[in-house]
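Step one of this worksheet: look at the structure below.
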Amino acid sequence: MLRRSARDFLAKECGSKVVRQLMDAPDAYDPGLWKKMAGLGWTALGIPEPYGGAGTFLDLIVVLEECGRALLPGPFFATMGLAVPALIEAGTEAQKKEVLGAIAEGKARATLAFTEPSGRWDAGGVTLEAKPAGGGWRLDGVKLFVPDADGADYMVVAARTRGEGEEGISLFLIKGRPKGMTVTQLKTLDMTRRWNEVRFDGVELDTDALMGAANKGWVPLKRALEWATAGLCAEMIGGAQKVLEASTEYAKTRHQFGKPIGIYQAVSHKLADMLVLSESGRSATYYAGWAVEADAPDRALASSMAKAYVSDAYRKVAGDGIQVHGGVGFTWEHDMHLYFKRAKASEVTLGDATYHRELVAQALDL
């Protein structure tokens, strides 16, 4: 019922025309659409009930899959898939009540600032400095590829407070845009989202901006990224499913030499491979979603297995979708290139297949 409701809503409110209009908007954000999504309870999914939430993370997985199918633009994933898990895992009680409550009501957007110019998704990639200053903290450094930061009301920032590697990482909650923080929009392949560079030049924060204990931020951040990875895989599988459906329909109606092109093995076997990739990726994604929801012992392994597989699968399905459509698939007017661009962007977000294969290998003690 939730899937059908989400698909019907997005078909009505976020068709291809709307997606393209939002791609041209400064922040790819429609406040009216966000309000409707909040009215459906989407901004409360996965948030614990004491903070105004409703439903489970698995419910959010279903909605994210449909969002990926529709190429929903804007900050929904940045808020629900990145910031919310970080707040749940690391936020203080006061921070959770303020921010999660506002998000659940649809009154706030948020994001996570993690990656830096190194492009690394492991703890060693965090070099932005946070030092005690004036009874609070002072931040200096750069975060890169922060999703939808330009319109975020709150930002969770990973910073280094001492040491190196997994030691000495702390998380901070920033409200609004304090003095010294500069947000610059980047030109990227996928324009259904906005990716930003965020600079911190002596940004001063109060002591209550610290999330949890100082120097102990990596463990909760890693757990939050496991939630996020499963959510992103759901989006990706939704996109792959839409590409498969559109390509199959085209193969049935496009004729060459008096026959539908789907009758030829070069096309039909490609579509069969696309189905295998989509269904296998969905199975891995659903298991990863269950594993993090249930806090299963293999939750980290499950999320990495899903991302390693789905990163390759979505890119391959999107590329093959263009091939099935032939020349028209390469045109701006057709939607195939939008899915391919989202696939390429999502492929490297939260770590590409190579990164997650390495994590899987480590889990095998290799």
Under the salt bridge (charged side-chain N to carboxylate O under 4.0 Å, His left out) test, residues paired with [X] that sit two or more places apart:
X: D24; answer: none
X: D140; answer: R138
X: E245; answer: R69
X: D122; answer: R120

Using a 6.0 Å cut-off, check whether atom [atom1] of [X] has over 12 heavy atoms from anything other than its own residue.
X: R3; atom1: CZ; result: yes
X: F145; atom1: CZ; result: no
X: E164; atom1: CD; result: no
X: E167; atom1: CD; result: no

Distance-only, no hydrogens or angles: does the [X] side chain make a donor-acceptor pair with backbone N or O of [Y] under 3.5 Å?
X: S170; Y: G217; result: no
X: E197; Y: P117; result: no
X: K96; Y: I88; result: yes
X: S303; Y: A300; result: yes
X: K179; Y: G202; result: no
X: Q95; Y: D208; result: yes

For W42, check side chain to side chain donor-acceptor pair (under 3.5 Å) against everything at least two apart and list the hits.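 W42 satisfies side chain to side chain donor-acceptor pair (under 3.5 Å) with no residue once adjacent residues are dropped.
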
Please identify each residue that fulfils side chain to side chain donor-acceptor pair (under 3.5 Å) with E347, with sequence neighbours left out.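 With neighbours one apart ignored, the set is R315, K344.
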
Residue pairs, two or more places apart or on separate chains, that pass side chain to side chain donor-acceptor pair (under 3.5 Å) and touch [range]:
range: residues 268-284; value: E65-R282, Q241-R282, E279-R282
range: residues 25-38; value: E13-K36
range: residues 320-331; value: K316-D320

Derivation of the side-chain contact (heavy atoms from CB on, under 4.5 Å) call for L33 and F9: CA-CA 10 Å; L33 179 59; F9 171 80; 3.8 Å; yes

Between [X] and [Y], does any side-chain N to carboxylate O distance fall below 4.0 Å?
X: R194; Y: D150; answer: no
X: R342; Y: E235; answer: yes
X: E129; Y: R160; answer: no

Given side-chain contact (heavy atoms from CB on, under 4.5 Å), test D335 with F340 step by step and report yes or no. CA-CA 9 Å; D335 288 344; F340 185 78; over 6 Å; no

Given side-chain contact (heavy atoms from CB on, under 4.5 Å), test L338 with T192 step by step and report yes or no. CA-CA 8 Å; L338 301 180; T192 59; 5.6 Å; no

Return all side-chain donor-acceptor pairs below 3.5 angstrom for residues 44-54, not counting sequence neighbours, or 'none' if the list is empty.
from: Y51; atom 1: OH; to: E93; atom 2: OE1; distance (Å): 2.9
from: Y51; atom 1: OH; to: E93; atom 2: OE2; distance (Å): 3.0

May I have the list of side-chain donor-acceptor pairs in residues 108-115 shorter than 3.5 Å, sequence neighbours left out?
from: R109; atom 1: NH2; to: G151; atom 2: O; distance (Å): 3.2
from: T111; atom 1: OG1; to: P147; atom 2: O; distance (Å): 2.6
from: T115; atom 1: OG1; to: L144; atom 2: O; distance (Å): 2.5

Find out whether the Lys NZ or Arg CZ of R20 is both under 6.0 angstrom from the six-membered ring centre of W332 and within 45° of the ring's axis.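 Judged by the rule (NZ or CZ under 6.0 Å from the ring centre, within 45° of its axis), R20 counts as positioned above W332.
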
Given D352 and H356, is the side-chain contact (heavy atoms from CB on, under 4.5 Å) satisfied, shown in steps? CA-CA 6 Å; D352 63 6; H356 283 281; over 6 Å; no

Which heavy atom of I61 sits nearest a heavy atom of A230, and at what distance?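 It is CD1-O, 3.6 Å.
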
Where V142 and E116 come nearest, the two heavy atoms and their spacing: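 Scanning both residues, the minimum pair turns out to be O-CG, 3.4 Å.
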
Quick one: name the residues clustered hydrophobically with V203, using the 4.5 Å side-chain heavy-atom rule over I, L, V, M, F, W, Y, and just say none if it's on its own.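 Other cluster members: L128, W137, L139, V146, M155, V157, F172, I174, M181, V183, V198, F200, L205, L210.
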
